[in-house]
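Right, one structure below, let's go through it.
By convention in this document, chain letters (A, B, ...) are assigned in the order of the sequence lines, proteins followed by strands, and residues within each chain are numbered from 1.
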2 protein chains.
Amino acid sequence: MSLDRKTPTIQDVARFANVSTATVSRALSAPEKVSEGTRARVAEAIRVTGYTLNQAGRSLRQRSAKTILVAIPDIRNPFFSSILDAIEREAATRGYGVLVLNLYFGRETIRRLQDFLLSNRADGLLLLDGSVDTDLLRAVSQQAGEIPIVVACEEIPNAGFHTVLTDNVEAAERATRHLIDLGHRRIGHIMGPEHNVVSRERITGYGRALADAGLTPQPEWQFRGNFDMESGFAAAARFLSLNDRPSAVFAANDESAIGFLSGLRQRGILCPRDISMVGFDDLAVASHYVPPLTTMRQPREAMGRMAAEALIDLIEDPEALAIPLRIVLRSELVVRESTGRLASVGRPSLEVDMSPARI
Amino acid sequence: MSLDRKTPTIQDVARFANVSTATVSRALSAPEKVSEGTRARVAEAIRVTGYTLNQAGRSLRQRSAKTILVAIPDIRNPFFSSILDAIEREAATRGYGVLVLNLYFGRETIRRLQDFLLSNRADGLLLLDGSVDTDLLRAVSQQAGEIPIVVACEEIPNAGFHTVLTDNVEAAERATRHLIDLGHRRIGHIMGPEHNVVSRERITGYGRALADAGLTPQPEWQFRGNFDMESGFAAAARFLSLNDRPSAVFAANDESAIGFLSGLRQRGILCPRDISMVGFDDLAVASHYVPPLTTMRQPREAMGRMAAEALIDLIEDPEALAIPLRIVLRSELVVRESTGRLASVGRPSLEVDMSPARI
DNA sequence: CGGCCGCGTGTAATCGATTGCATAAACCAT
DNA sequence: ATGGTTTATGCAATCGATTACACGCGGCCG
């Protein structure tokens, strides 16, 4: 008669309700198959015993874990973490758990990814990084009995995976054109990492906008970065060493834009007085930076939500999508104060940030 | 002879290696119990069949999921996401998976938390939020057979949970004293949410520093916020409506500090010329904001790592800690440009941000 | 030589839930 | 009343891995 029983199982509930375990199971997962009276007895028994499902048992039998695996290049990056947030919300409403996996372990990473997928811990993979080796990935997927995979944010070219993303080329083109429309002719770019798909697409878009306007891209105006603030800051030093400087810069993301502006400011170069700047992502801080940043807003929440939706649809009905899904969302240019008309050379306008203090 | 077999199981490996499943299992988890020759045959069989462990089967038998549950108030917040990052790294090296759970669903949240914990999907809980109902939490833990719980970042007072945190009272006191040391006497505070433990502790620290310096706190200088930029921005409006304004403000975190400064800037009030500002957290953007923000740096990575370490230790040896663990880490004041000596009233100094442009 | 020990291995029970099949009861139409 | 259908339930196998227990064998000691 000791009270220290282990957590109650479906057996306990069955005994208490005077039915078989099969009936309890059905009462839970297919209530319409159970008569009303029995259902009530089972419900009561569950309440009294404090029963909760053992997911391991169910997973074993059903060969599904009710869990998705989200693989992320960098959780700390607010861009990714807000997508993760949207994914988690969607997964939660559909009854799925979310396992997260950092992707920075090189080859070790693929091993871990493989472990998770092949060990029945996750029913599907949501990949937020296009730089994972395609063949390896496909092999893993097949080995694991065609586990559904959805790639979000970044594209894996020609790989035939389901994808949810924004058109980075077009958006980068629009961002750059915004600068052109303001009269700028000397336009630089802070690039992302060399082998990153997104980063390349944005470079392409930048190049197209210049070409369309009949402008020739200057290699020395294209600064290598890697999407973080420090790399933007470092780019500022290189910018400052130039004799012939751009009057406007398009950065591959807000963080490098901010780092860049911060570097320039140390040397007294102010935005938008001396330089115009467009970022990418519209992080929360963009609207509160000094100056508030003009930027391309990506529909992060929508991207995360739709990717999670698609993945779960696919998990629940593998036949759902005969051909690879490809959802392309549109980014939106948010014009703030970091961009302005090209001022006549040698006469920087001074109308900004110079209002008298009122304290 | 069809090739479309399901994923191979331990049975397949056993058949191939001409041993029993027991031996295969032992070869994997206790190699020293298996003779060298057999071990080699099993290894080869695993290689050939492409076997991978089915975690569900193991979990069911061992009643452990090799997974920890991390419950977070807001994944998007860079403060939390960088802690999550550290947690994930530590968990990965110890062979654990990480399930994330957003906490903003009110009562629904506890249900989900409970579901995860009681369903053998996670072996322990790492809670990054002190506002969860203590009794409920303890009940869940006990019901789930004393599942280990570690609370990080925020304290649940008198609850006896293992905790890893920083001393918010002391740190807030130090932040405020920094302003006092610079000559400020009229010091405001942007508070966090009313019922948040951390937010209260920082208010307390702020109050102590004032008291120590013989200053009387002014209620109208304490602005309610909720840790995000918008609330800081809103606080700026209230600040501006005051006749008698503080010369310095300590914000409960960097985000509200940034929102606040952004709001002031719109009305021409510049930092540090017109006002000094101290934040809290040292987010990545703090050092690149305009001006670079003086702030209390919390050891986020250390906190995440140590909390994960403690939790996993506890999972692997529940007797490990007889008395509740309580690790208190020290925050560090990082002085940048957002704080300066109190300028004589009516004569705002103009030495900042006014260097001539060099473009 | 006989008994004991320990190593390496196999047998089979076990973890908890689901589900195909069988069966009983109830209902319906003729 | 009879056969057929539907509904509600139980029985027992099953998912894959682990592990308590048993067994056989070789070596060692007295």
Which whole-number value in Å describes the distance from [X] [atom1] to [N] [atom2]?
| X | N | atom1 | atom2 | result |
| --- | --- | --- | --- | --- |
| Leu28(B) | dA17(D) | CG | P | 9 Å |
| Arg61(B) | dA13(C) | CZ | P | 12 Å |
| Arg15(B) | dG10(C) | CZ | C1' | 16 Å |

Tell me, please, whether Phe161(A) has Arg138(A) positioned over its six-membered ring: NZ or CZ under 6.0 Å from the ring centre and within 45 degrees of its axis?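 The answer is yes; both the distance and angle limits are met.
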Just the table, please: protein N/O against nucleotides 21-24 of chain C N/O, every pair under 3.5 Å.
none

For the student: nearest non-hydrogen atoms of [X] and [Y], plus distance:
| X | Y | result |
| --- | --- | --- |
| Leu126(B) | Ala152(B) | CD2-CB, 4.0 Å |
| Ala71(B) | Leu125(B) | CB-CD1, 4.1 Å |
| Thr21(B) | Ile10(B) | O-CD1, 3.8 Å |

Residue whose closest nucleotide on DNA chain C lies nearer the 5' end, Leu60(A) versus Val19(B):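 The residue whose closest nucleotide sits nearer the 5' end is Val19(B).
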With nearest nucleotides of DNA chain C determined for Gln62(B) and Thr21(A) from heavy-atom distances, which residue corresponds to the more 5′ nucleotide?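 This one resolves to Gln62(B).
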List the steps, then state whether side-chain contact (heavy atoms from CB on, under 4.5 Å) holds for Phe80(B) with Asp85(B). CA-CA 9 Å; Phe80(B) 289 116; Asp85(B) 181 84; over 6 Å; no
Is any side-chain N of the basic residue among [X] and [Y] closer than 4.0 Å to the acidic one's carboxylate O?
| X | Y | answer |
| --- | --- | --- |
| Asp115(A) | Arg112(A) | no |
| Arg47(A) | Glu44(A) | yes |
| Glu309(B) | Arg94(B) | no |
| Arg326(B) | Glu155(B) | yes |

Check: protein-nucleotides 6-8 of chain D nitrogen or oxygen pairs below 3.5 Å:
none

Does a side chain donor of either [X] or [Y] reach within less than 3.5 Å of an acceptor in the other side chain?
| X | Y | value |
| --- | --- | --- |
| Tyr96(B) | Glu316(B) | yes |
| Asn120(B) | Gln55(A) | no |
| Arg300(A) | Ser82(A) | yes |
| Thr67(B) | Arg121(A) | yes |

Under a 3.5 Å cutoff on both atom distances, Watson-Crick or G-U, what's the dot-bracket for DNA chain C ([ ] crossing, | other strand)? ||||||||||||||||||||||||||||||
With heavy atoms under 4.0 Å as the rule, sort Val24(B) into base, sugar-phosphate or nothing.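 If one applies the 4.0 Å heavy-atom cut-off, Val24(B) turns out to touch nothing in the nucleic acid.
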Hey, does [Y] have a side-chain heavy atom less than 4.5 Å from the side chain of [X]?
| X | Y | answer |
| --- | --- | --- |
| Arg58(A) | Asn54(A) | no |
| Ile149(A) | His162(A) | no |
| Val42(B) | Val34(B) | no |

Below 3.5 Å between N/O atoms, which protein atoms pair up with nucleotides 22-27 of chain D? Just atom names and distances, please.
none

Selection: residues 312-319 of chain B, any non-hydrogen atom under 4.0 Å of DNA chain C: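 Contacting residues: none.
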Please list, by residue number, the residues of residues 43-59 of chain B whose heavy atoms come closer than 4.0 Å to an atom of DNA chain D; answer none if no residue qualifies.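 Of all residues in residues 43-59 of chain B, the ones placing a heavy atom under 4.0 Å from DNA chain D are Tyr51(B), Thr52(B), Leu53(B), Asn54(B), Gly57(B), Arg58(B).
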Can you tell me how far apart CG (Asp123(A)) and CG (Leu69(A)) are? Round to the nearest 0.5 Å.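 The distance works out to 10.5 Å.
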